[in-house]
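Let me begin by presenting the structure, written as structure tokens, before commenting on it.
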Number of protein chains: 2
Amino acid sequence: MKAQEENTEMLYSHVSVDCVLLGFDEDKLCVLLVERAGAPDGSTDFKLPGSLIYEHEDLDTAANRVLAETTGIKRMRLKQFRSFGSPTRTANPADMQWLQNALKLNIRRIVTIAYLSLCKIYKKSSLAGRYKSTKWFPIENIPRNLPFDHNQIIEEALKEMRRWVESEPSIVFEFLPLRFTAYQLRRIYEVIYNRKMDVRNFHKKMNTLSYIIPLDEWEEDVSHRAARYYRFDKVKYNQQRSRFNKN
Amino acid sequence: MKAQEENTEMLYSHVSVDCVLLGFDEDKLCVLLVERAGAPDGSTDFKLPGSLIYEHEDLDTAANRVLAETTGIKRMRLKQFRSFGSPTRTANPADMQWLQNALKLNIRRIVTIAYLSLCKIYKKSSLAGRYKSTKWFPIENIPRNLPFDHNQIIEEALKEMRRWVESEPSIVFEFLPLRFTAYQLRRIYEVIYNRKMDVRNFHKKMNTLSYIIPLDEWEEDVSHRAARYYRFDKVKYNQQRSRFNKN
DNA sequence: CCAAAAGTGTTTCTCATACACCCATGT
DNA sequence: ACATGGGTGTATGAGAAACACTTTTGG
């Protein structure tokens with residue numbers, strides 16, 4: 001991280017990574033954006049966290065570095081999901097200007113590799129790092145005019161997230177704290193698939209999944225019947241999965 | 001294509017596309033490889049068809065260009081499925097040597113965007129184009145030591161192809177001629193999913209799919225009961241799909 | 001006792017699977 | 001007539017979906 005300021009000559013100034021970090025805040029699916037320093041007109045201006053890669057740096061490593069710089073969390077589960085390389089993606093003069101200000105590099109074209117990662121939004125997460133500020137935006141009010149093609153990247157990331165959940169259901173638990181209620185889990189599915197789910201069927205389904213463990217712990221201080229807590233058991237999950245994936 | 005020889009200065013020498021073109025030959029899933037001209041020791045040496053991108057060229061356009069140069073087919077359906085950017089992927093001295101011979105460029109590192117495409121293998125396909133020769137390799141005997149990380153790219157492409165078929169079943173028909181028998185279709189599924197499928201259940205399933213149309217045409221000159229031909233109806237497919245995808 | 005959310009069972013339908021024999025054609 | 005592969009129907013089980021009321025708790 002210090003290395004970045006000191007050794008810009010080590011940057012490989014043709015390829016970048018951008019990270020779409022998704023989280024759940026109460027009932028809403030959110031994206032983390034960072035305020036971009038050195039915006040042309042000084043206005044508040046957000047973008048996806050991202051970085052050029054270093055000369056000898058792997059793509060996955062670069063994405064992990066960006067996430068660590070942004071959130072302070074190391075070794076998050078992340079997934080490269082697509083690259084964006086239209087020659088016109090750096091065509092906006094304001095974006096070009098920013099690249100020159102921020103990176104002191106004269107750049108013609110950047111191909112970016114987009115990564116997806118999921119996490120729990122902690123209230124306190126003022127989030128360490130090199131950015132002026134970071135902010136969670138509910139997906140329905142993301143600024144419409146993000147720099148480069150970041151709006152498009154987020155669109156694609158949302159689609160990819162749905163596919164990811166289908167192919168590996170355990171990742172939804174990345175959104176949740178260690179213990180969670182049936183309601184929380186159900187809401188996540190409802191938002192992801194954009195449809196109401198039947199409460200009874202949902203409970204029944206949870207019961208059949210051996211890796212969702214009911215705890216003898218309940219909500220406290222709620223003005224209605226307290227909800228049970230559950231936790232996700234990774235070991236049981238892997239057992240159940242491998243039993244099914246015979247082919 | 002002529003442009004390429006004339007204007008190497010227009011190449012953007014940091015990003016390439018590589019295409020994994022899959023096809024079915026009789027009963028076997030095959031990958032198309034091209035003979036690489038200018039191999040260090042003159043030995044026969046295959047690789048995935050690929051190219052650096054041009055300065056002002058979109059990634060998808062570059063991939064389409066590569067496929068057109070390789071097969072003569074324009075506007076194939078293709079899918080960007082992953083990028084490969086390990087700094088060590090160009091570490092093999094023989095590969096570096098070849099890059100310099102073939103491209104007259106001194107290249108440090110190349111990030112490549114991998115594309116997947118499916119097609120029917122025509123017997124006659126000597127395949128037009130800039131390559132010395134092209135050859136279909138059954139996946140079980142692909143040369144073990146393809147240059148760069150091409151072996152790994154093919155592995156990933158096969159996984160991606162399976163996911164693709166699941167998310168959009170119509171693409172299996174890219175493997176087939178306009179009219180095909182139930183046997184041909186079934187064999188493709190058997191190879192893709194690597195398990196035998198029950199003949200009766202398969203027929204039943206085909207009947208429920210409104211977009212697989214039985215024709216009043218049958219095989220000729222076969223020494224057993226002639227098989228019926230079917231065709232794929234794109235319009236009906238889109239109707240049936242959109243009815244299901246309400247959300 | 002009321003408001004507010006948690007939790008629980010049964011029925012129905014659809015879809016995947018398992019399984020064995022007759023049919024058409026060429027030699 | 002026989003060898004070769006093409007084509008057909010039925011029965012079972014698992015899982016998804018539809019549907020309404022009782023329970024718990026705080027105020």
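Chain identifiers are assigned alphabetically (A, B, ...) following the order of the sequence lines, protein sequences preceding nucleic acid strands; residue numbering begins at 1 within each chain. Please read all numbers here as calculations on a predicted model, not as lab measurements.
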* Provide the closest heavy-atom pair for Leu59(B) versus Val17(B) in the form atom of the first, atom of the second, distance. => O-CG1, 3.9 Å
* Distance flag, aromatic centroids of Tyr115(B) and Phe81(B), threshold under 6.0 Å -> no
* If every non-hydrogen atom of Trp136(B) is compared with every non-hydrogen atom of Leu21(B), which pair is closest and at what distance? -> CZ3-O, 3.5 Å
* Rounded distance (Å) that lies between atom C1' of dT10(D) and atom CZ of Arg200(B) -> 9 Å
* Apply salt bridge (charged side-chain N to carboxylate O under 4.0 Å, His left out) to Glu217(B) and Arg228(B), showing your working. => CA-CA 6 Å; Glu217(B) 303 173 35; Arg228(B) 175 166 225 151; over 6 Å; no
Which protein N or O atoms sit under 3.5 Å from an N or O of nucleotides 23-27 of chain D?
| from | atom 1 | to | atom 2 | distance (Å) |
| --- | --- | --- | --- | --- |
| dT23(D) | O2 | Arg225(A) | NH1 | 3.1 |
| dT24(D) | O2 | Arg225(A) | N | 3.0 |

* Structure fact -> The residue, Val199(A) or Ala182(B), whose nearest nucleotide of DNA chain D is more 5′ is Ala182(B)
* Of Phe173(B), Tyr229(B), Phe24(B), which is the lone residue that meets ring-ring contact (aromatic ring centres under 6.0 Å, His included) with Phe180(B)? -> Phe173(B)
* Structure fact -> salt bridge (Lys or Arg N to Asp or Glu O under 4.0 Å) filter on Asp27(A), not counting sequence neighbours, yields Arg187(A)
* Under a 4.0 Å N-O cut-off, is there an ion pair linking Arg195(B) with Glu190(B)? -> no
* Structure fact -> Nearest-nucleotide check on DNA chain D, Asn201(B) vs Lys204(A); residue mapping nearer the 5' end is Asn201(B)
* **Spacing between Met206(B) atom CE and dG6(D) atom P, to the nearest angstrom** => 12 Å
* Six-ring centre of Phe84(A), Arg82(A) cation under 6.0 angstrom, axis tolerance 45° -> yes
* To do: Take atom OH of Tyr229(B) and atom P of dG7(D), then tell me their distance rounded to the nearest Å.
  => 11 Å
* Structure fact -> Between NE2 of His203(A) and C1' of dC21(D) the distance, given in whole Å, is 15 Å
* Rounded to whole angstrom units, what separation is found between the CG atom of Asn207(A) and the P atom of dA16(D)? -> 13 Å
* Give me the first and last nucleotide of DNA chain C, going 5' to 3', that has any atom under 4.0 Å from a heavy atom of chain A. => dA4(C) to dT10(C)
* Asked: Could you give the CZ-to-C1' distance, from Arg195(A) to dA18(D), as a whole number of Å?
  -> 13 Å
